[in-house]
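Below: the structure, in structure tokens.
Because the structure is predicted, anything quoted here is derived from the model rather than measured.
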Amino acid sequence: MQNTNHTRWAEGKLVSFLIATLKGISQVMLIENAVTGLIILLAITTFSYSLGIIALLSAFIGTIVGVIGGANKESINQGLFGYNSVLTGLALTLFLTGPYHWIIALVGAALAALLTATMMHVMKNTGIPVLTFPFITVTWFTILASYRLEAFRLTSRFVPQDLSNWQLDIAGKINWLEGAFDGIGQIFFIEGILSGILLFIAVFVAGWKLGLYAVLGNVVALLTSYLLGGEHTLIYRGLYGYNAILAIIAVSATFNTDHRRFGLLSGIFAACLTVPFAASIATWLLPYGLPALTMPFVLSTWLFLGAKKVLPNL
């Protein structure tokens, strides 16, 4: 009887851990839902089996850091130690090369969880969420380390450019269909209509309002970037869309707990702002060969959530 009870206890712990891991994946979209996390994992795996494995392992690692570190059980069960690890693992797997780059990616996933814990402590009295800033920090520093440390080998996609030679290219047609689905896919560094459809389904599973916000955020980004004269290639590849989707979900839903009447308008404005933020941040980072990642989403969301402390109707 004692062995049976122990087995059931162990099985219960394992199930709880797996659920927390899947929630860690869903938290990338600011959603706490294990089913959503599972569908997101399926979307990533549909695009690339190896990326699907890395996403799952990274989520495991982030959750394990929280468990071993003795974090608050509620935070662990909500998946709050997994989402930055997932993004970091995916980014470094794609951005680095060499026979052991996946090891560096998984170590980066662990560091992202540690930095998440640090920032949770530092920012707890502000009432402002950490968001994906730990992922951005670990990824940027790892890329920059490649210029001084041979073990970190970058892919050829990151080449520092002189701003004096930069030219805006708005030639060509926009593939609006690709733009409609690649915007949400770029949150996880993936492309393709099937993956995009699965990701939208994942959000709608968590709530129809969240799904509508995701669609609206993508539409807002497409229209804003087009009206502002953005590069057509970047528009239809979804590189302006993913930050807008995250921003509108964050401002209008996840952190709009009091259901303020201007919550949706604030979210739309936050989504619009991510477009010029993305353009300016990408330009600022061009000489260093760094990607903007989700920094436009972080800045736009922090801007509105911080202002809400003084302007509560937002």
**Asked** Is there a donor-acceptor pair under 3.5 Å between the side chain of S58 and the backbone N or O of V86?
**Response**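 No, because the side chain of S58 does not come within donor-acceptor range (under 3.5 Å) of the backbone of V86.
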
**Asked** Counting only N and O atoms by type, is there a donor-acceptor contact under 3.5 Å from the side chain of N84 to the main-chain atoms of L131?
**Response**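 Side chain of N84 to backbone of L131, a donor-acceptor pair under 3.5 Å: yes, one is there.
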
Is the shortest heavy-atom distance from the side chain of [X] to the side chain of [Y] under 4.5 Å?
| X | Y | answer |
| --- | --- | --- |
| M29 | F188 | yes |
| T116 | V65 | no |
| F60 | L106 | no |
| N256 | V251 | no |
| V298 | T132 | yes |
| F189 | F95 | yes |
| M119 | T137 | no |
| F304 | L273 | yes |

**Asked** Just checking, is any N or O donor in the side chain of Q186 or E191 under 3.5 Å from an acceptor N or O on the other one?
**Response**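 A pair is found: one side chain offers a donor N or O, the other an acceptor, under 3.5 Å apart.
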
**Asked** Does F133 have any ring pair (Phe, Tyr, Trp, His ring centres under 6.0 Å) partners at least two apart in sequence or in another chain, and if so, which?
**Response**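 Partners of F133 under the ring pair (Phe, Tyr, Trp, His ring centres under 6.0 Å) test: W302.
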
**Asked** Does atom CH2 of W140 have more than 12 heavy-atom neighbours, drawn from other residues, nucleotides or ligands, at distances under 6.0 Å?
**Response**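 Counting neighbours around CH2 of W140, more than 12 heavy atoms of other residues, nucleotides or ligands fall under 6.0 Å, so yes.
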
To the closest 0.5 Å, what do you measure between [atom1] ([X]) and [atom2] ([Y])?
| X | Y | atom1 | atom2 | answer |
| --- | --- | --- | --- | --- |
| N218 | I245 | CG | CD1 | 4.0 Å |
| L246 | T301 | CG | OG1 | 7.5 Å |
| L303 | F269 | CG | CZ | 8.0 Å |

**Message:** Could you check whether F152 and F141 have their ring centres less than 6.0 Å apart?
**Reply:**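 For F141 and F152, the ring centres are not under 6.0 Å apart.
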
**Item:** Ring centres under 6.0 angstrom apart (Y83, F135)
**Value:**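 Between F135 and Y83, which both carry aromatic rings, the centre distance is not below 6.0 Å.
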
**Item:** L41, T46, T93, L56 screened by side chain to side chain contact (heavy atoms under 4.5 Å, CB included) with L51, the one that passes
**Value:**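 Exactly one option meets the side chain to side chain contact (heavy atoms under 4.5 Å, CB included) with L51, and it is T93.
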
**Message:** Using the side chain to side chain contact (heavy atoms under 4.5 Å, CB included) definition, which of the options L38, T36, I39, I40 pairs with I25?
**Reply:**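 The single option meeting the side chain to side chain contact (heavy atoms under 4.5 Å, CB included) with I25 is I40.
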
**Message:** For a quick test of reading the model, state the closest non-hydrogen atom pair linking V130 to M120 and the distance between them.
**Reply:**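 In terms of heavy atoms, the two residues are closest at CG2-N, 3.7 Å.
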
Side chains of residues 175-185: which donor-acceptor pairs under 3.5 Å do they make with residues two or more places apart or in other chains?
| from | atom 1 | to | atom 2 | distance (Å) |
| --- | --- | --- | --- | --- |
| N175 | OD1 | L177 | N | 3.2 |
| N175 | OD1 | E178 | N | 3.1 |
| N175 | ND2 | E178 | OE2 | 3.2 |
| D182 | OD1 | G192 | N | 2.9 |

